[in-house]
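Okay, so here's the structure we're looking at.
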Amino acid sequence: MKPYTSVACLLASSVTALVLPYSTPNCSTFGSSASLRQYNATFLNATHYGPRGVNASGLLNTVSFCEVYASVAYGPYGNDSLVFAVWLPEYVQYENRFMAVGNGGMAGTIDYLNMITQLNSGLGFAVAGGNGGHLASANNGGGGAPGVYIPYLHDQAQVTAWIHDAISLFTPAAKALVNSYYGQNARYAYYDGCSTGGAQGFALAQYHPDLFDGIVASSPGNWYSHLALSFLWNAQQTNTSATNLTQPILNFTKQAVLNACDTLDGVQDQLLEDPLSCKFDINSLACNGSVPAASSSGVINCLTSTQLSAVKAIYAGPVRSDNGSQLYPGFSFGSENEWLYQEGLLSNAFSVPILQNLVFNNLQYNSNTFNWASDVGLLDARAGTLIDEISLNLTAFRSHGKMLTTQGWADQYNAATWPIEHLEQLETFFGGDVSDFYELFMVPGGGHCGGAADYASVPATYHTVPALVAWVERGFKPFSLLSTNPPDGSNRTRKLCAWPSTARYVQGNVSDWTSYVCE
Ligand SMILES: *[C@@H]1O[C@H](CO)[C@@H](O)[C@H](O)[C@H]1NC(C)=O
Ligand SMILES: *[C@@H]1O[C@H](CO)[C@@H](O)[C@H](O)[C@H]1NC(C)=O
Ligand SMILES: *[C@@H]1O[C@H](CO)[C@@H](O)[C@H](O)[C@H]1NC(C)=O
Ligand SMILES: *[C@@H]1O[C@H](CO)[C@@H](O)[C@H](O)[C@H]1NC(C)=O
Ligand SMILES: *[C@@H]1O[C@H](CO)[C@@H](O)[C@H](O)[C@H]1NC(C)=O
Ligand SMILES: *[C@@H]1O[C@H](CO)[C@@H](O)[C@H](O)[C@H]1NC(C)=O
Ligand SMILES: *[C@@H]1O[C@H](CO)[C@@H](O)[C@H](O)[C@H]1NC(C)=O
Ligand SMILES: *[C@@H]1O[C@H](CO)[C@@H](O)[C@H](O)[C@H]1NC(C)=O
Ligand SMILES: *[C@@H]1O[C@H](CO)[C@@H](O)[C@H](O)[C@H]1NC(C)=O
Ligand SMILES: *[C@@H]1O[C@H](CO)[C@@H](O)[C@H](O)[C@H]1NC(C)=O
Ligand SMILES: *[C@@H]1O[C@H](CO)[C@@H](O)[C@H](O)[C@H]1NC(C)=O
Ligand SMILES: *[C@@H]1O[C@H](CO)[C@@H](O)[C@H](O)[C@H]1NC(C)=O
């Protein structure tokens, strides 16, 4: 470790020439003195941790840091509260960069795992994360379920803080703490989030475009209200014993798709590089005549007509019952094995609680009575305005910021083509290419914010943040991203390409990302 007192060393390791104080402030006395009042924030406590001092889900911090907790008062009466933490590494490890991380699901907790990931990244971040403006006790510990009262969904300021303002509420105070600790503002500000955190990333670009220079918004639920409709739709399509798509049925369907389309990309690897290029006719799986749908030992031979209808409805996605217009995209070829959560679990955890608590304010509301025409406008008005972030006018953010999105083709939560549709909408709004500030990386065999259960050999760590930093600070627009660390523990790497380009195998080891080009 470099000595704190070597200014030359500090300058060499920093992005820009800095004049820094010679010693790290004493953590135990830091913070209480920092003026946070102008941000409606209150200092709570500060604790110093050495390396391996914090353990989030098995991940330990590699560098020492000063942790400061503070809370932000918000809401029309100033009695709502958001708690956040800022992790301040020692000067030698600090590279003049601020990083805020987002939340998952219904928030209510700080994402310490992502905070450690960013702290350990070697990019010299001071890292901040908040709880989304309410405690987990206000969202039933994240366990939304039919008939369960979810307190935060009844407080409009808390609903707004959940996604739209989750990050913006604490970022000015967190930046002030960074300034006070290092004696100057961070040179660059970044954000990283996935799922609800991806939606929070879009909220930053739309509502708070000046706060961040770079945003990673992965598997984004930024059309949250209609994502919830997609969960509800998929649940309703599979809610009887005749339409139930069991795991063996899903496996059978996925395998038939792969048998037909795996080699379209030139590599036989049980992976579709671009599911959109697969033109499989699902009707070919229909049961005919005397063949039983499943053998006595449970082997699936074909799909019954009701199962086939259910599969087609999930590929199609929700539509209005009056005029058939699309309400959210459907699922993609190759994702079939991951559909089990769609068959009620996600609807019960998100859609039904949102309808019962936020839209209809009635815990007895029966989601089977949802009217797929007239109730859509109600959902848009009562929920969409508070939880969606789909504005195409990202002009203000575009003038200075960069944004990266990743999306797994086999995401078990979110229909994979939504970010593609949204990118195309952005291109239409801006009248052409938007890759000067926005790029989407689709992940073949990728799941929700990482690996998909059925694609254990697919690298599940996407190296987005280093690519974003190089783009923001040095103008290197990423054409490809490295992905590593498959859940199966192998050393396979893959090349992710900026959509609409996809990876084409050229030569060499098929398990090495350098054997592919994006085109
Ligand atoms: C930091 O301040 C506390 C309280 O004044 C003191 O006990 C501690 O020794 C100081 N630590 C260092 C490293 O100076
Ligand atoms: C602080 O809270 C007040 C009252 O809720 C609000 O008007 C003001 O904009 C807030 N200030 C900041 C910096 O958020
Ligand atoms: C600091 O405050 C946070 C948030 O209230 C709390 O979770 C934590 O336990 C506190 N830490 C200490 C050392 O008091
Ligand atoms: C970190 O926490 C995990 C549980 O999440 C535990 O299994 C592991 O032993 C802990 N590691 C250390 C070094 O304490
Ligand atoms: C905040 O104050 C308002 C007005 O007194 C009250 O209706 C509301 O329940 C309070 N909210 C919280 C979270 O305490
Ligand atoms: C679907 O099948 C699964 C697994 O056999 C079962 O747990 C579930 O209750 C079934 N659902 C319906 C609606 O029949
Ligand atoms: C489905 O396929 C996966 C691997 O692709 C396998 O692990 C799982 O056991 C299969 N499940 C069933 C019920 O066939
Ligand atoms: C059923 O018949 C149709 C039409 O001949 C055929 O396309 C399909 O492959 C058959 N299905 C099965 C499961 O054999
Ligand atoms: C269907 O109806 C909705 C609501 O009136 C409208 O916004 C949409 O444009 C219509 N779509 C078509 C295809 O007519
Ligand atoms: C399944 O959903 C449909 C559409 O909402 C509804 O009409 C039907 O009653 C539901 N069936 C069951 C068994 O819940
Ligand atoms: C887009 O937003 C900018 C401000 O960021 C505004 O000046 C412009 O009028 C908006 N454009 C449209 C078409 O709404
Ligand atoms: C991955 O492991 C294999 C076999 O252990 C080895 O031959 C190969 O060089 C490794 N690849 C990389 C990129 O490390």
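We count ligands from 1, going down the list as the structure has it; atoms in each ligand are counted the same way.
For W418 (side chain) and L227 (main-chain N/O), no donor-acceptor pair under 3.5 Å exists by modelled atom type.
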Are any protein N/O atoms closer than 3.5 Å to the N/O atoms of ligand 10? If there are, list each pair with names and the distance to one decimal place.
unit_1	atom_1	unit_2	atom_2	d
ligand 10	2 (O)	N239	ND2	2.5
ligand 10	2 (O)	N368	OD1	3.3
ligand 10	5 (O)	Q236	OE1	3.2
ligand 10	5 (O)	Q236	NE2	3.2
ligand 10	5 (O)	N368	O	3.2
ligand 10	5 (O)	N368	OD1	3.4
ligand 10	11 (N)	N239	ND2	2.8
ligand 10	14 (O)	N239	ND2	3.3
ligand 10	14 (O)	N368	ND2	3.4

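Other residues, nucleotides and ligands place more than 12 heavy atoms under 6.0 Å from the OH atom of Y365.
Because its NZ or CZ atom is both nearer than 6.0 Å to the ring centre of F212 and within 45° of the ring axis, K175 counts as a cation-pi partner of that residue. Cation-pi geometry between R398 and Y438 is not satisfied (NZ or CZ under 6.0 Å from the ring centre, within 45° of the ring normal).
Near S325, meaning under 4.0 Å from any of its heavy atoms, are these atoms of ligand 9: 1 (C), 11 (N), 13 (C). When each atom of ligand 5 is checked for a heavy atom of D80 under 4.0 Å away, the hits are 13 (C).
Residue D155 has no N or O atom closer than 3.5 Å to an N or O atom of ligand 5. Here's the thing with D322: none of its N/O atoms is less than 3.5 angstrom from an N/O atom of ligand 9.
When side chains are defined from C-beta on, F360 counts as touching D375, because their heavy atoms get closer than 4.5 Å.
Between W409 and W499, the two ring planes are perpendicular [angle over 60°; tilted spans 30° to 60°].
A salt bridge links D454 with K254: the distance from a Lys NZ or Arg NE/NH1/NH2 to an Asp or Glu carboxylate oxygen falls below 4.0 Å.
If you take OH on Y74 and OG1 on T160, they are separated by 8.5 Å, rounding to the nearest 0.5 Å.
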